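Following this message is one structure expressed as C-alpha cells.
All chains are named by letter (A, B, ...) in the order of the sequence lines, taking the proteins before the strands, and each is independently numbered beginning at 1. Only this structure's heavy atoms are used, side chains among them; waters, hydrogens and symmetry mates stay out. The shown structure was predicted, so the numbers you read here are calculated from the model rather than taken from an experiment.
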Number of protein chains: 2
Amino acid sequence: MEPPRVPRLKDVAAAANVSVSAASKILRGDQSRFGEDTCRRVAEAAKRLGWRRNLLVSGIQTGRTQTVGVMIPPYDSFWVNVLSGIHRRLAEADYLPITVWQGDLDHMPHFEADEQEGVRQINRLLDRRVDGLIMWPSFGLAYEDHLADLHEKNVPVVVIDHSSDNPFCDAVTTNETQATKAVAKHLLDLGHRRIACISTRESKSQTWALERRDAFENAVHQQPDAQCMSWRLNPIGSNGVEVARELLGSELRPSAVFAVTDHEAACVYEAAASLGLSIPADLSVVGFADLDFAVSMAPPLSTVRQRPLEIGAHAASMVLDRLNGPLAGEPLGCAKIDADLILRESTGPARR
Amino acid sequence: MEPPRVPRLKDVAAAANVSVSAASKILRGDQSRFGEDTCRRVAEAAKRLGWRRNLLVSGIQTGRTQTVGVMIPPYDSFWVNVLSGIHRRLAEADYLPITVWQGDLDHMPHFEADEQEGVRQINRLLDRRVDGLIMWPSFGLAYEDHLADLHEKNVPVVVIDHSSDNPFCDAVTTNETQATKAVAKHLLDLGHRRIACISTRESKSQTWALERRDAFENAVHQQPDAQCMSWRLNPIGSNGVEVARELLGSELRPSAVFAVTDHEAACVYEAAASLGLSIPADLSVVGFADLDFAVSMAPPLSTVRQRPLEIGAHAASMVLDRLNGPLAGEPLGCAKIDADLILRESTGPARR
DNA sequence: CTGAAAGCGCTTACAG
DNA sequence: CTGAAAGCGCTTACAG
C-alpha cells in the first residue's frame with residue numbers, strides 16, 4: 001500500500017491526459033487558449049484527486065504569495081475590528097494576513113516600538129515574501145526608512161489612522177473633517193455659539209488630535225457669530241480634569257464642549273460635576289471614539305463612532321488594488337472613511 | 001546602473017569563494033564540517049550582502065516554513081492574551097503565526113463555526129504549508145474529521161481550553177482541578193461547610209464547566225463534614241438570577257457559593273441583594289475568570305485568574321516540540337496550566 | 001573537509 | 001490550440 005501522497009500537478013495532468021504546462025495554465029484560469037473539453041477534463045481531474053496548488057512554489061515563480069503582513073496589535077475593540085475587517089476582505093480574495101506585533105496587552109498603550117524587534121518582524125514577514133504590508137500609525141513612523149526600501153521593492157504598504165506625508169505608503173484614516181463637521185453642525189443647530197474644544201496628544205505619531213481640533217475650529221467658524229476656543233492638555237493628557245475645571249470656571253464659560261476623545265469628555269463630566277454644572281442643561285458635551293464606557297456615562301455621552309471594520313477592509317482593498325487592480329501604478333493616496341455621530345443625552349439646546 | 005537586486009545564495013558563495021552547497025550548509029548552522037575560516041568568510045559575506053534566506057524555497061525543500069496556523073479569534077482580553085503568548089513564543093523561535101478566524105467581534109460570542117468556511121480556512125493555511133496548527137475549542141470539535149487528516153500528514157495540532165478525547169491532537173487547558181481545589185480550600189478554611197456550586201453550559205465544546213463543578217465537588221467532599229450542592233442553569237445560562245434566588249431562598253441556604261464563571265457570580269450578587277443578604281457577611285461568593293467587571297463589583301469579587309499568556313506560550317511550545325523537539329513521536333497529551341485564586345472582598349468567615 | 005549535480009513542484013517563455 | 005524545456009532559489013544526497 002502506498003502512503004497517501006499529496007497529488008502533484010503532474011498527476012492531474014496525467015489523469016486528464018494533457019501536459020503539465022497545459023494543466024498549469026488551465027488551473028490558473030487561462031482557459032481561453034484551450035478547448036472547452038480539455039479544460040473540463042483538467043478541472044475534473046484536479047477535483048477528483050484533491051489537488052491543491054502549493055502556494056510556496058507558485059510564490060517563488062510568480063512573486064506572489066497571496067499573503068499580507070499586518071503589524072497591528074489587537075489593542076482594543078477598535079483595533080480588533082480593524083483586524084477583522086482586514087481579515088475578511090483578504091479572505092474574500094483568498095489572501096491571508098500574517099499578523100505580528102510586539103509586547104502584550106498590558107504593555108500596548110505605550111507601544112513605543114522597540115525598533116530592533118520591529119525590524120526583525122518586518123524581516124520575518126519579508127522572508128516569507130508577503131505581497132504587501134499594513135501597519136498601525138506609530139509603526140509607519142518608526143520604520144519610515146524601511147518604507148522607502150519596501151517601496152523600491154514594490155511591496156505596497158498601507159498605514160492606518162495616520163495621515164502621513166510619507167511618500168512611500170498609502171494611508172487610510174477616519175474622515176476627521178466630515179465627522180467633526182457633523183459635531184459642529186449639531187452644536188450650532190442647538191443654538192450654541194460659545195464653544196470649546198479640548199484636545200490632547202497632538203504628537204507626530206497621532207495626527208488625528210490635531211486634525212480633529214483644526215477641522216472643528218474651521219467648522220464652527222463657518223457660523224459668523226460663533227466662537228471656538230481650544231484648550232490643549234499636557235502632552236500625556238493627564239491634566240484633563242484641571243484644564244476642564246479652568247475652562248468651565250472661566251468667565252467666558254462655553255455652553256458646549258467638544259473633546260477630541262471620550263477620555264477628555266469624561267474629564268469634562270468630572271469638572272462639571274465638581275462645579276455644580278449639569279449636563280446637558282448647563283453644558284453640552286460631545287466626545288469622540290464611542291469607547292466602551294461612553295454609553296454608560298451619566299448622562300450617556302454623545303460621541304462619534306468610527307468604522308473600524310470598514311477601515312480595515314479598505315486598507316486591505318488598497319493593498320490588493322495596488323497589487324493587481326486599479327491602483328497599480330497610481331500615485332499614493334490617503335483614503336478617508338466617514339464616521340457617525342451618535343446622539344445620546346449629553347447635548348441639548350443652548351440656553352437663551 | 002543595475003537595479004538593486006536581492007542577493008542570492010550564489011552571490012554569497014561567490015563572495016566567500018566557496019560552492020553554493022557549502023554556503024548553504026554553513027548558513028544553516030552546520031559549521032562542523034567546514035574550516036573555521038571558511039565559516040567566518042561565508043557568514044561575513046552573507047551579512048555584508050544583506051542576504052536573507054527565501055523561506056518559500058527552503059520551505060519546499062525542507063517541508064518546514066517556520067509558520068504556524070492559528071485559528072483563534074481575538075474574542076476578548078483572555079483570547080487576545082492567548083494570542084499574544086503564542087505570538088511571543090513563536091517569534092522567539094523565529095516562527096510566525098498566521099491567524100485566521102471567522103465573523104467579527106459582534107458575532108463571535110456564538111461562534112458557531114460555519115464549517116464550509118472553516119474548511120476553507122484550514123485549506124488556505126495548508127496551501128501555505130504551515131508546520132502546525134493551534135485552534136480554539138469549538139474548532140477542535142467542528143473539524144474533528146480534518147484533525148485525523150492532519151495527524152496523518154504529520155501536521156501537529158494543539159487545541160486550547162478543551163480537554164478532548166480526540167486522539168489526533170494535543171491540548172492545553174487551565175488546570176481546573178488545581179484552581180478549583182484552591183477555591184474549595186479557601187472556603188473550607190474560612191469555616192464554610194454548606195457550600196453550593198452554580199454551573200452552566202456543560203456542553204460538549206466547553207468541557208471546563210463540567211470539570212470545574214466536578215473537581216470542586218470532589219475537593220469539598222474531602223472535608224468529611226462539608227456538603228456541596230450543585231445547581232445547573234439552563235443550557236444558555238440565561239436563568240442565573242432565578243436559580244440563584246431559589247438557591248439562596250431555600251431552607252438549606254449555603255453560606256458560600258462557587259460560580260463556574262464571574263457571570264454566574266454576578267447573578268448570585270443580584271439574587272443576594274434582592275433577598276437582603278449581604279456579601280460576605282451572610283454569603284461568601286467566588287467566581288472564575290476574573291473578567292473585566294469582577295474587580296469593580298460591590299464588593300469586589302474573589303475569583304480565579306487564568307494565565308492566558310502562559311497558555312498561549314505553552315501551546316506554541318507544544319507545536320514546536322512536536323516538530324523537532326522532545327515531543328517528536330511522543331504520545332499526544334494535555335497540558336494543564338495552573339490558575340491563581342485572587343482574593344478580594346466577597347469571601348469571609350462562616351458565621352457560627 | 002568540500003563541490004557538482006539532481007531535485008523540490010510549480011510557471012513561463014518559446015517553439016511548433 | 002498544445003507541449004518540451006528551462007528556470008525559480010534553494011537543499012540534499014552523493015561522490016571525491
| Between D:dG9, C:dT2, D:dG3, which nucleotide gets closest to the side-chain atoms of B:T38? |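 The answer is C:dT2, which lies nearest to the side chain.
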| said: When you measure from the side-chain N and O atoms of B:R53 to the phosphate of D:dT11, is any distance below 4.0 Å, counting only OP1 and OP2? | reply: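 For D:dT11, OP1 or OP2 has a side-chain N or O of B:R53 closer than 4.0 Å.
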| query | Are B:R41 and B:D37 ion-paired here, with the side-chain N under 4.0 Å from a carboxylate O? | reply |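 Salt bridge: yes.
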| remark: Between the CG atom in A:L126 and the NE2 atom in A:H146, the distance rounded to the nearest 0.5 Å is 10.5 Å
| query | Picking from D:dC10, D:dG3, C:dG9, which would you name as closest to the side chain of B:S58? | reply |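 Shortest atom-to-atom distance from the side chain points to D:dC10.
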| Salt bridge between A:E44 and A:R40, side-chain N to carboxylate O under 4.0 Å? | no
| B:R64 vs D:dT11: side-chain N/O to OP1/OP2 distance below 4.0 Å |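 B:R64 to D:dT11 OP1/OP2: no side-chain N or O under 4.0 Å.
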| task | Considering just the side-chain nitrogens and oxygens of A:W51, establish if one lies under 4.0 Å of OP1 or OP2 belonging to C:dC10. | result |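 For C:dC10, OP1/OP2 do have a side-chain N/O of A:W51 under 4.0 Å.
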| said: Show every salt bridge (charged side-chain N to carboxylate O under 4.0 Å, His left out) that has at least one partner inside residues 58-68 of chain B, sequence neighbours left out. | reply: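 Applying salt bridge (charged side-chain N to carboxylate O under 4.0 Å, His left out) to every pair that reaches into residues 58-68 of chain B, excluding sequence neighbours, yields nothing.
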| field | Pair B:R88 + B:E92, salt bridge at N-O below 4.0 Å | value | no
| request: Please check if any side-chain donor atom of B:R89 sits under 3.5 Å from a side-chain acceptor atom of B:S317, or the reverse. | output: yes
| Atom-pair distance (CG on B:N54; C1' on D:dG7), nearest Å |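 Value for this atom pair: 14 Å.
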| What integer distance in Å separates A:D127:CG from D:dG9:P? |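 Distance check: A:D127 CG to D:dG9 P gives 15 Å.
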| request: Provide, to the nearest angstrom, the distance between the CD1 atom belonging to A:I60 and the P atom belonging to D:dT11. | output: 12 Å
| B:I26 has an atom CD1; how far is it from atom P of C:dC1, in whole Å? | 12 Å
| task | Could you list all the salt bridge (charged side-chain N to carboxylate O under 4.0 Å, His left out) pairs where at least one residue sits in residues 315-335 of chain A, not counting sequence neighbours? | result | A:D170-A:R322
| Partners of A:W79 by ring-ring contact (aromatic ring centres under 6.0 Å, His included), sequence neighbours excluded? |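 Testing A:W79 for ring-ring contact (aromatic ring centres under 6.0 Å, His included), a comparison that skips the adjacent residues, returns A:W136.
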| query | For the pair made of CZ in B:R128 and P in C:dG9, what is the distance, rounded to whole Å? | reply |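 Those two atoms, CZ and P, are 19 Å apart.
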| said: Nearest whole Å is fine: how far is D:dT2 C1' from A:E36 CD? | reply: 17 Å
| request: Could you provide the dot-bracket string of DNA chain D, using ( ) for intrastrand pairs, [ ] for crossing pairs and | for bases paired to another strand, with Watson-Crick or G-U pairs below 3.5 Å? | output: |||.||||||||.|||
| task | Check the distance between D:dC10's P and B:L55's CG and give it to me in whole angstrom. | result |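 The distance from CG of B:L55 to P of D:dC10 comes to 11 Å, rounded to the nearest Å.
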| message | In this structure, how many angstroms lie between the P atom of C:dG9 and the CG atom of A:L27, rounded? | response | 17 Å
Between protein and nucleotides 12-16 of chain C, what N or O pairs are separated by less than 3.5 Å?
from: C:dA13; atom 1: N6; to: A:K25; atom 2: NZ; distance (Å): 3.4

| Listed once per pair and sorted, the salt bridge (charged side-chain N to carboxylate O under 4.0 Å, His left out) pairs that draw on residues 121-136 of chain A, sequence neighbours left out |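 Non-adjacent pairs meeting salt bridge (charged side-chain N to carboxylate O under 4.0 Å, His left out): A:E117-A:R124, A:R124-B:D94, A:D127-B:R52.
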